[in-house]
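Let me begin by presenting the structure, written as structure tokens, before commenting on it.
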Amino acid sequence: MDQIPADQLLPDELAALMHFYAEAGVGWLGEDEPIDRFAEFVALNSAKNQARTAPAALEQPQRASAERPSRGPERAEARPAAPPAVAIPDAEAVEAAVRLAAAAPSLEALIEAVNGFGGCNLRNSARNTVFAGGDLSARIAVIGGVPSADDDREGAPFSGPAGVMLSRMLAGIGLDSASVLSFNLIPWRTPGDRAPTVREVEICLPFGIRLLELLRPQAVLVLGNLPVRVLSKAAKGSIHSLRGKWFDIAGVPGMATFHPQEMITAPTCKGLAWRDILRFSAEMEAPQLQS
């Protein structure tokens, strides 16, 4: 069977290959020959400064051509702009995210902006954008960290066993999971489920903050170590030390507890999480949290 070089694959073929690698847990691909990435970045940055085409690439992902070219030696010359679109400078991506988030006048517009955002390179290996789902007029918001394999496959936050666990948690305090708005701080699954980098968090954070500004929920339930560390701005500590405590998130009161997946893998967390949920429910009804 003849092998086809990666640079001769069509965009949809390359995306399918990346999805396969992500599902297999591959987090990094090597090259047959060493590549000077520093020199490559300088060359790409120089070309970008001359063409000044980066803003359009940031706000819209590249779309595959409706007309599929035939395979042949000329294909590499027909697609010279493809490689630079894969690696977008982080600083410009953060600026683009801040600009797009601030410009969104509604939750629907914000969700559409995230779905069309091309500034985070995580989307190149993820199957779906998994940002927000549920009731867009909800009084309760639920925040997770990074999409799981189930989320990425289904295209919705808190899918699979973790979603079942979350539904049980909410039902225990009289809430239907369909009546809340749930979203992920990072809208794309990371390769091999690794932790997101600081820059990846900085790129994605403006969308989550803008969602809370537009929704203005009565209270926010923060699930897991990543979102509580980022949103509470706690330089130290973890979910174990920060759970059950209230803190301000863009003017909205939030409380943290364990992520449903943590309760599945470590059942001893269930009792602690149940205490947090009961406190969340009780204080959510207090006069200071009433809208």
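- For the atom pair CD1 of Ile277 and CD1 of Ile173, the computed distance is 5.0 Å after rounding to the nearest 0.5 Å.
- In this structure, the side chains of Leu185 and Leu205 come closer than 4.5 Å at one or more pairs of heavy atoms.
- Applying the side chain to side chain donor-acceptor pair (under 3.5 Å) criterion to Asn225, with sequence neighbours excluded, gives no partner residue.
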For a side chain to side chain contact (heavy atoms under 4.5 Å, CB included) check, start with the C-alpha distance between Ile143 and Leu223, then their side-chain angles and the critical distance, and finish with the verdict. CA-CA 6 Å; Ile143 304 176; Leu223 303 179; over 6 Å; no

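- Judged as a side chain to side chain contact (heavy atoms under 4.5 Å, CB included), and not counting sequence neighbours, the contacts of Ala109 are Ala104, Pro105, Ser106.
- When the salt bridge (Lys or Arg N to Asp or Glu O under 4.0 Å) test is applied to Glu95, no partner is found at least two apart in sequence or on another chain.
- Between the Asp176 side chain and the Ala178 main chain, a donor and an acceptor come within less than 3.5 Å of each other.
- Scanning for side chain to side chain donor-acceptor pair (under 3.5 Å) contacts around Arg275 gives an empty result, with sequence neighbours left out.
- Put simply, the side chain of Asn115 never gets that close to the backbone of Glu112: no donor and acceptor are under 3.5 Å apart.
- Going from atom CG of Asn121 over to atom CD1 of Ile203 covers 7.0 Å, rounded to the nearest 0.5 Å.
- Under the 3.5 Å distance criterion, the side-chain polar atoms of Asp248 are left unmatched by any main-chain donor or acceptor of Pro253.
- Arg199 pairs by the salt bridge (Lys or Arg N to Asp or Glu O under 4.0 Å) definition with Glu202, not counting sequence neighbours.
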Verdict with supporting geometry, Phe207 and Phe183, side chain to side chain contact (heavy atoms under 4.5 Å, CB included): CA-CA 10 Å; Phe207 297 119; Phe183 69 98; over 6 Å; no

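- Applying the side chain to side chain contact (heavy atoms under 4.5 Å, CB included) criterion to Val201, with sequence neighbours excluded, gives Ile186, Pro196, Leu226, Val230.
- By the 4.5 Å heavy-atom criterion applied to side chains, Phe117 and Thr129 are not counted as neighbours.
- Looking at Ser179, its side chain never comes within 3.5 Å of a backbone N or O of Leu175 through a donor-acceptor pair.
- In this structure, the side chain to side chain contact (heavy atoms under 4.5 Å, CB included) partners of Pro217, at least two apart in sequence or on a different chain, are Ala141, Leu212, Leu215, Val220, Val252.
- Scanning for side chain to side chain donor-acceptor pair (under 3.5 Å) contacts around Ser182 gives an empty result, with sequence neighbours left out.
- One finds the CG atom of Asp152 at 9.5 Å from the OG1 atom of Thr190 (value rounded to the nearest 0.5 Å).
- Rounding to the nearest 0.5 angstrom, the gap separating the CG atom in Leu100 from the CG atom in Leu110 is 9.5 Å.
- Applying the salt bridge (Lys or Arg N to Asp or Glu O under 4.0 Å) test to residues at least two apart or on different chains, the pairs with a partner in residues 129-139 are Arg139-Glu285.
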N/O donor to acceptor pairs below 3.5 angstrom from side-chain atoms of residues 154-170, sequence neighbours left out:
| residue | atom | partner | partner atom | Å |
| --- | --- | --- | --- | --- |
| Ser159 | OG | Ala156 | O | 2.8 |
| Ser167 | OG | Gly163 | O | 3.1 |
| Ser167 | OG | Ser177 | OG | 3.4 |

Validation: residues 262-271 side-chain donor-acceptor distances under 3.5 Å, sequence neighbours left out:
| residue | atom | partner | partner atom | Å |
| --- | --- | --- | --- | --- |
| Glu262 | OE1 | His259 | N | 2.7 |
| Thr265 | OG1 | Gln261 | O | 3.1 |
| Thr265 | OG1 | Glu262 | O | 3.3 |

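- Salt bridge status for Asp276 with Arg279: absent, with no side-chain N to carboxylate O gap under 4.0 Å.
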Can you list the steps and then say if Val114 with Leu211 is a side chain to side chain contact (heavy atoms under 4.5 Å, CB included)? CA-CA 11 Å; Val114 175; Leu211 182 148; over 6 Å; no

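- Counting only distance, with no hydrogens or angles, the side chain of Ser241 and the backbone of Ser238 share a donor-acceptor pair below 3.5 Å.
- Take Asp193 and apply the side chain to side chain donor-acceptor pair (under 3.5 Å) test, not counting sequence neighbours, and it matches Arg189.
- Taking hydrophobic clusters as Ile, Leu, Val, Met, Phe, Trp and Tyr residues chained together by side-chain heavy-atom distances below 4.5 Å, Leu181 does not share a cluster with Val130.
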Quick one: do Leu136 and Ile111 satisfy side chain to side chain contact (heavy atoms under 4.5 Å, CB included)? Show the steps, please. CA-CA 11 Å; Leu136 297 185; Ile111 293 172; 4.0 Å; yes

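- Not one N or O on the side chain of Arg243 forms a donor-acceptor pair closer than 3.5 Å with the backbone of Phe258.
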